[in-house]
Structure formats: C-alpha cells, structure tokens
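Remarks on the structure that follows.
For the numbers below, each heavy atom of this structure counts, side chains included, while hydrogens, waters and symmetry mates do not. For clarity, every value in this text was computed on a predicted model and none was experimentally measured.
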There are 2 protein chains.
Amino acid sequence: MSFDARIRAAIEGDIRSGALRPGDKLPSEHELAAQHGCARATVSKAMAALHHAGLIERRRKAGSFVADQHVHSAVLEVPDLAQLIEARGHVYRWQRLSREQDGAELHVTGLHYEGDTALALESRTIAVATVPDAMDESFDAIAPGTWLLAHIPWTSARHRIRAVGASAEEAQALGIVENTACLILERSTWRADAPVTTVRQVFRGDLFDMVAHFEPSPR
Amino acid sequence: MSFDARIRAAIEGDIRSGALRPGDKLPSEHELAAQHGCARATVSKAMAALHHAGLIERRRKAGSFVADQHVHSAVLEVPDLAQLIEARGHVYRWQRLSREQDGAELHVTGLHYEGDTALALESRTIAVATVPDAMDESFDAIAPGTWLLAHIPWTSARHRIRAVGASAEEAQALGIVENTACLILERSTWRADAPVTTVRQVFRGDLFDMVAHFEPSPR
DNA sequence: CGTGACATTATGTCTAGACATAATAATCGA
DNA sequence: TCGATTATTATGTCTAGACATAATGTCACG
C-alpha cells in the first residue's frame, strides 16, 4: 500500500468510526506531514483524494474539515441489456418493430427478449445530424444501443426512472396485462453538447430492477 | 485554469471529439511534458484524473490508452425527501404510523406527505446494536431517515429500484387505487460492515421519479 | 525452437522546495 | 468604534529530480 493511501485510510477510518465527527478540523498538511514523516505533497495527495470522495471539505487558510453528511448519491449501474440477460443465464435477442425517418430524426422501436419473453420495449430517436452513419443501418439484427455504443465516442447522459402502468400498446407488445406496473428508463445522451439519441425503455416490473451503490471511498 | 486541468481538458477533448479512438495509444508522460513544457508530475496528475474518470487505461511499460466505451454507470441522486418536496414548493410532513421493537430490531413505518397528499410509504428496520440511541427516539415528529442522517457517521449503501403495483394496504395508506404503479426504493446502509438500517419506500408512480446523470468528467 | 536472464521503458510514488491564492486575523488610521 | 490595509496562514499548484515497480522485448544459451 502506498504512503498516501495509508494516510488516507487512517483519516477515513477516523471519520467512518466516528472518532472524527462532521465539522471537526483536521491537522494542517504540514502537521500531518510531520506526524507521518513524509513530504507535504504526499499528504496533499491523500487529502485531495478524501476531498474528491466527499469526505472532507477544504478551505484555504482555515484548514480541512470533516464534511457534513451530504445528499445521498449513488452509482447507478445502467447495464447493457445483452450482457445483463446473458449474465442471468438466458439468451438475449433483439427484435426490431419499426424504423422511420422523419427529417433529421430516425425513430426505431423494438423489443429486448430474455429467452422467449419480452423484457423491455424500446423506442428510440437518433439525431441523424450527429450520427450520419445511422442512416445506412437497418437496426434489424443489432439493437441501436449496442450499435451506437460501438460507433459514437463519449457522451454525457441524463437518466430518468419512473414507474407507470403499461398502456394498451405497451402491454400488448410485452405480453402483459394492461396497466401492469412497469419501470421506465428514459435516457438522453449527448456528444459534446450535440444530441445523439433519446431512448425510452419500458421494462416489465416483475422481471427487472435497477441497483445502485454508494461507497464513500470508491476504488 | 490550472496547468494540469488544461492538459486534461485537451486530451479529454480529443477523446470526446473522436480524434482519439478507443484503444489508441497516448504519448508517454515524458513526451506530453515536453510538448506542454511542464514537469512530468503535472502531466501525471492530469493522466491520473483521466484514469480515475475512466477515460483512459494505463499499463506500465506499455503506456496509456484510450479506454473502451465502458458499462454505463451514472450518478443517481437519492434526495432527502424533505428537501425535495420543499424544493418543489410544497410543505413536507412526516406522519409515523407504527413503531415496534423486536429484539435487536426496531421497526418504524410512516408516511411522507407532500402538502396534503401522501407521496411515499416508508417501512424501516433499524439495527439497535449499531444505533442504540434509536431506542430513545419515538420518531413521532422526525422521520427516521432524517434522524439517522444526523446521528450516524458515514455508511455504505445498496439501493434497489423497482416498479410494482400497490398492494391493498399500500394503496390505502397512499390513497390510491390498488395495483397502481409505484416506484419502490429499497436501501440498506452499513457503517463499517455493521448493518445500520434497511428501508423500503413506496412512491406514488404518478408523482415521483428519479434522476441520474453521467458525465465522464465530473467536477 | 523454446526458455530463462536481463535490459529497457513507462507508469507509480515520493521528496524538498518554491510561488500563487484565498481567506482570516491583526493592525492602524480616521 | 468602524473600516481599510496589511500580515499571516493553509491550501493549491508546480518543478526537477529520484527510486520503485511492473511489463515488455531482446538475446544468448541449451
């Protein structure tokens, strides 16, 4: 274990055990460096990591303080459906239902199958201006999400998760009773401020859930 | 903008624009330092940040490479309900329904009101061994989540999000029709491996959703 | 032809010191 | 006493160099 990681672990332990409480002042970097017998840059690295993890607040001149319990945030796993389904031991299959071009937008709908049951109904809009290659793709055999993942560099994304009862059409496509509770995942992605795609996935509530983890000290 | 942030932004821009594609090799730290006219430690700091953000992979001797498009993950906001409701311009109120002690576990149920409508039904279990102070608290006026936030140091947490139709009891408590789609948030928290609390919140699907963001370069 | 020893290389970590910056504390003048 | 200026202090960033570490490529030897 590296030196800075050890310093970091020591302080983190004090915080998580309650020995240091929110608002408490930590020793200055100089003092910590002297205590641990290392250079200030090493302490600084450890403190920067703690700050990044949200465990401490830092104010020039004032010093470093244990942060208040913050708004809960967690890392949400948004799995690739094909991976998820195969991890569950089933066969994944994509079935395209429709593909329409409407000016600068390409609309694709389809079903994600887990074995023989339809798990999710997807309706997607792709911005042709940002992804011109999509015009040449039928999305007949490959799901647009998978295709886009391989064709478009990094994006930022906004997700919205809701619960709604299935509409008549959705229920029919998924083979469930109308108004059954479904988990809706809506995702919009951008590539450097240019819109890439917007997708709405309707999941059968009885077959799917999402998981999120919160760790103050990831990695 | 600091030097290392500028170097980082330059490389990140190349990646996001597609000039550098997944798998491409980046110049070595020495080369980048020479190019930018700075010390290697500064480049190293920028590269460490890019690595932390998941944009690049680093291998000793081999070099640094643009990372493959990874599994989607996003930062999920798990809001404090009181804050959320007040931000929406309504009055928040907690109404405790029950409180029972069962050996080492304390069970509390109650309703989170947004104005006059019940937004969520909460059933919570608190581990008395980890949080002995909870025994002296009635949770009559203060929601257990709020109380715990103020009394327990950092925790790790696991969240599960599902959609289910409301049961008869849930529907009655929330004042909705049975089987209406609801968003279920289940959260378990630990304090250094000791269980703290497990909570199940049933939200009216028509009044609540969750939001998650994904940014390759947070902060 | 395969294998183990060795040199090479790029990252990982660290040092001792420097200057910049922001915020607080102290001081001085009106 | 109030307010503006100045000094102090802790963090923020950076440098130039050092050694550690891990992985790769090379090369001689069997």
Review point. Pick the nucleotide of DNA chain D nearest each of A:Ser44 and A:Ala62; which residue has the one closer to the 5' end?
Key: A:Ala62
Ignoring hydrogens and geometry beyond distance, is a side-chain donor-acceptor pair present between [X] and [Y] at under 3.5 Å?
X	Y	answer
A:Thr197	A:Arg124	yes
A:Glu57	A:His51	no
A:Arg58	A:Ser64	yes

**Study point:** Outermost nucleotides of DNA chain C that come under 4.0 Å of a non-hydrogen atom of chain B
**Key:** C:dT8 to C:dT13
Exercise for review: Calculate the interatomic distance between B:Lys61 atom NZ and D:dG25 atom P; express it in whole Å.
Suggested key: 7 Å
Review point. B:Ala41 or B:Pro27: which one's nearest nucleotide on DNA chain C is closer to the 5' end?
Key: B:Pro27
Review point. Can you list the residues that meet the salt bridge (Lys or Arg N to Asp or Glu O under 4.0 Å) rule with A:Glu114, with sequence neighbours excluded?
Key: A:Arg88
Point to revise | Salt bridge present between A:Arg158 and A:Glu186 (N-O < 4.0 angstrom) | key: no
